[in-house]
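Here's the structure we're looking at; comments come further down.
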Amino acid sequence: MYFRHILILALLFFFIPPAAAQDMEELRRMMSQYEEEIRISTALLERTSSDRTANENQLKIIREQIANRRRMLTTLERTMGVLDGDIRSKNNDVQRLNAELARLQRDYAAMVYEAYKNYKLNNFVLFLFSSDDFNQATRRADFMRRYNRARREKAAEIVRMSDSIAREVSRLDVSRAEMNATRRTHDREVTSLGRDETQYRNTVTQLTAEQQKLRQQVREKEELRNRAQRQIQALVEAEIRQGRGAAMSDADLRAIAALSERFDENKGRLPFPIADGVIVDRFGEQAHHLVSSTRVNNPGINIAGPAGAPVRSVFEGRVMEIVAIGSYNLCVLIRHGNYITVYANVASVVVRKGDNVRAGQTIGHIASSSNSDDNFLHFEIHRETETLNPEQWLRR
C-alpha cells in the first residue's frame with residue numbers, strides 16, 4: 001500500500017507531459033521573438049518620425065509591426081489555451097489528492113481508535129506476558145512493532161500528501177497568475193494593434209494622395225531595383241563559374257566541403273546582417289504594397305535599419321567581390337564554401353576583396369540618408385545556382 005501511494009505521487013507531481021512542456025517553451029520563445037521584433041520596429045519608427053512626409057519604408061515597417069502584433073495575439077491565444085488546460089488538470093489533481101488525503105485520514109483515525117480500544121481493554125504489556133510460551137510472546141512483540149510502524153508510516157504518508165497538495169496548489173497559483181498576465185498582455189496588444197492599423201491607414205492615405213505620381217515613382221523604383229538585381233545575379237553566376245573552373249587541391253576541396261557543411265548546419269541560426277533591422281520586403285513574388293497591379297519578385301530580402309547601421313557577415317567566409325551596383329550602392333559577395341551571401345546597398349565598406357571574415361564581423365554600413373527610404377540592406381543567400389529564402393536561415 002505504501003509503495004502504491006508513493007507511485008501515485010510520483011505520477012501526479014513529477015511527471016510533466018513532454019508535449020505540453022515543449023509547447024509552452026516554444027510559445028514563450030515565439031513571444032520573445034515577436035516582442036523583440038516589435039521593439040526594433042517601434043524604435044526604427046521613432047527614429048524616422050522626424051521625416052516631414054510619410055515614406056515607403058515607414059509604411060513597410062508599420063505593416064511588419066502589425067503582422068508581428070497579429071502573430072503575437074495568435075501566440076497569446078494559444079498560450080492561454082495551454083494554460084487553461086494546465087489549470088484544469090491541476091484542479092483535477094488537487095481534487096484527487098484531497099480525496100486521497102481524506103481516505104488516509106479516515107484510515108489513520110480508525111487505526112488510532114483500534115489502538116485506544118486495545119489499550120483500554122487489554123494492556124499491551126499484559127497482552128505480551130499472557131503468552132502461552134516464548135515463541136508466542138515473540139510473535140506478539142513482532143506484531144506490536146509492525147502495528148506501531150504501520151501507524152507511523154500512515155502518519156508520515158498523511159504529512160507527505162498534505163505537502164504535495166500544498167505544492168500543487170502553489171503551482172496552480174503560478175499558472176493562474178501567468179494566465180492573468182497573459183490576458184493583460186493580450187488586451188494591451190489588441191489596443192496597440194488598433195493604433196497601428198489607424199497609423200497604417202493614415203500613411204497609405206498620405207502616400208496615395210497623388211495616385212498618378214505614385215504609380216510613376218513605383219515604376220521607376222522597380223525598374224532600378226530590377227536592373228540592380230540583374231547585375232547581382234550576373235555577379236553571383238560569374239563567381240560560381242570561376243569557382244567551378246578553378247584548379248583546387250584535395251585539401252582545398254575538403255575545406256570547402258567542411259565550410260559548406262557548417263553553413264548548412266546553421267540553417268535557422270544565422271544572425272541578422274543588421275542587428276536592429278526590420279524585414280520590409282520579403283522573399284519571392286508578391287503584389288506591391290501600394291500599387292497592387294504591380295508585381296514584385298525579390299530574390300532576397302530588404303532589411304530597413306537605423307541610418308548608418310553596421311552590416312555584419314552572417315557566417316565565416318572570404319570576400320569575393322565588392323562592386324558598385326547602380327541604385328544599390330556597393331555590393332559585397334562573401335563565399336562560404338558552396339554558399340554565397342550578398343550584401344547590397346552598402347554605402348561604405350570596411351573590408352577588401354580577398355579578406356577572410358568572421359561570423360558577425362562588420363563589413364560595412366548602410367546609408368546615413370535623412371530619407372529613411374534609402375536606409376536598408378538588400379540581402380541574398382545562394383547555394384551554387386539555387387536562390388534561397390534568407391528568412392529560413394536567419395534568427396534574431
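Residues Ile279 and Tyr200 do not share a hydrophobic cluster, defined by chaining ILVMFWY side chains whose heavy atoms lie under 4.5 Å apart. Linking ILVMFWY residues whenever their side-chain heavy atoms come closer than 4.5 Å, directly or via other members, places Ile340 and Tyr328 in the same cluster. Connection of Met320 to Val351 is not established within any shared hydrophobic cluster, with ILVMFWY side chains joined at heavy-atom distances below 4.5 Å, either directly or through further cluster members. Residues Phe263 and Val357 are members of one and the same hydrophobic cluster, defined by side-chain heavy-atom contacts under 4.5 angstrom among Ile, Leu, Val, Met, Phe, Trp and Tyr. Val319 and Val323 fall into different hydrophobic clusters, where Ile, Leu, Val, Met, Phe, Trp and Tyr residues are linked whenever their side-chain heavy atoms come under 4.5 Å apart, directly or through other members.
In this structure a side-chain-to-backbone donor-acceptor pair under 3.5 Å is present from Thr42 to Ile38. The closest donor-acceptor contact from the side chain of Thr75 to the backbone of Met31 lies at 3.5 Å or more, if one exists at all. Arg312 places a side-chain N or O within donor-acceptor distance of the main-chain N or O of Phe272, the cut-off being under 3.5 Å. Counting only distance, with no hydrogens or angles, the side chain of Arg183 and the backbone of Met80 share no donor-acceptor pair below 3.5 Å. Of the possible polar contacts, one joining the Asn345 side chain to the Asp374 backbone as a donor-acceptor pair under 3.5 Å is found.
Annotation: side chain of Leu333 is in contact with side chain of Val236 (closest heavy-atom distance under 4.5 Å). Residues Gln242 and Glu239 are in side-chain contact: their nearest non-hydrogen atoms beyond the backbone lie under 4.5 Å apart. Side-chain contact between Arg70 and Leu193 is present, with heavy atoms from C-beta onward closer than 4.5 Å. With a 4.5 Å cut-off on side-chain heavy atoms, Glu197 and Arg69 do not count as touching. Inter-residue side-chain proximity for Arg28 and Thr79 is flagged as unmet; no heavy-atom pair is nearer than 4.5 Å. Here the side chains of Pro306 and Asn375 are not in contact, with every heavy-atom distance at 4.5 Å or above. Side-chain contact between Pro273 and Ile303: present, with at least one pair of heavy atoms (C-beta onward) separated by less than 4.5 Å. With contacts defined as side-chain heavy-atom distances shorter than 4.5 Å, the pair Leu235/Ile325 qualifies.
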- Message: Set out, in order, the CA-CA distance, both residues' side-chain angles and the distance that settles side-chain contact (heavy atoms from CB on, under 4.5 Å) for Phe376 and Ile274, then state yes or no.
- Response: CA-CA 9 Å; Phe376 72 93; Ile274 298 180; over 6 Å; no
- Query: Ile232 and His378: side-chain contact (heavy atoms from CB on, under 4.5 Å), yes or no, with the steps?
  - Reply: CA-CA 11 Å; Ile232 291 171; His378 176 73; 3.9 Å; yes
- Message: His382 vs Glu237, test: side-chain contact (heavy atoms from CB on, under 4.5 Å). Steps then yes/no.
- Response: CA-CA 10 Å; His382 298 261; Glu237 290 172 357; over 6 Å; no
- Task: Please report the C-alpha distance between Val314 and Tyr343 in whole Å, then the side-chain angles of each, then the deciding distance to 0.1 Å, and finally whether the side-chain contact (heavy atoms from CB on, under 4.5 Å) criterion is met.
- Result: CA-CA 10 Å; Val314 298; Tyr343 310 78; 3.6 Å; yes
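Checking Arg188 against Thr185 by side-chain atom types alone, a donor-acceptor pair falls below 3.5 Å. Using modelled atom types, one finds a donor on one side chain and an acceptor on the other under 3.5 Å when comparing Ser192 with Arg195.
Separation of atoms CD1 (Ile40) and CD1 (Ile61) is listed at 11.0 Å; rounding is to 0.5 Å. In this structure, CD1 in Ile381 is found 7.5 Å from CD1 in Ile301, a value given to the nearest 0.5 Å. To the nearest 0.5 Å, atom CG of residue Asn329 and atom NE2 of residue His365 are 14.0 Å apart.
Atom CZ of Arg78 has 12 or fewer heavy atoms from other residues, nucleotides or ligands within 6.0 Å. In this structure, Arg230 places its CZ atom where more than 12 heavy-atom neighbours from other residues, nucleotides or ligands lie under 6.0 Å away.
Here the options are Leu259, Ile334, Thr341, the test is side chain to side chain contact (heavy atoms under 4.5 Å, CB included), and the partner is Phe315; only Leu259 passes.
Proximity of the aromatic rings of Trp393 and Tyr339 is defined here by a centroid distance below 6.0 angstrom, and this criterion is met.
Here Glu26 pairs with Arg29 in a salt bridge; the nearest charged N to carboxylate O distance falls below 4.0 Å. A salt bridge links Arg71 with Glu64: the distance from a Lys NZ or Arg NE/NH1/NH2 to an Asp or Glu carboxylate oxygen falls below 4.0 Å.
Closest heavy-atom contact between Ala347 and Leu330: O-CD1, 4.2 Å. In terms of heavy-atom proximity, Asn297 sits nearest to Gly284 at OD1-C, 3.5 Å. Glu380 and Pro299 get closest at one heavy-atom pair: OE2-CG, 3.4 Å.
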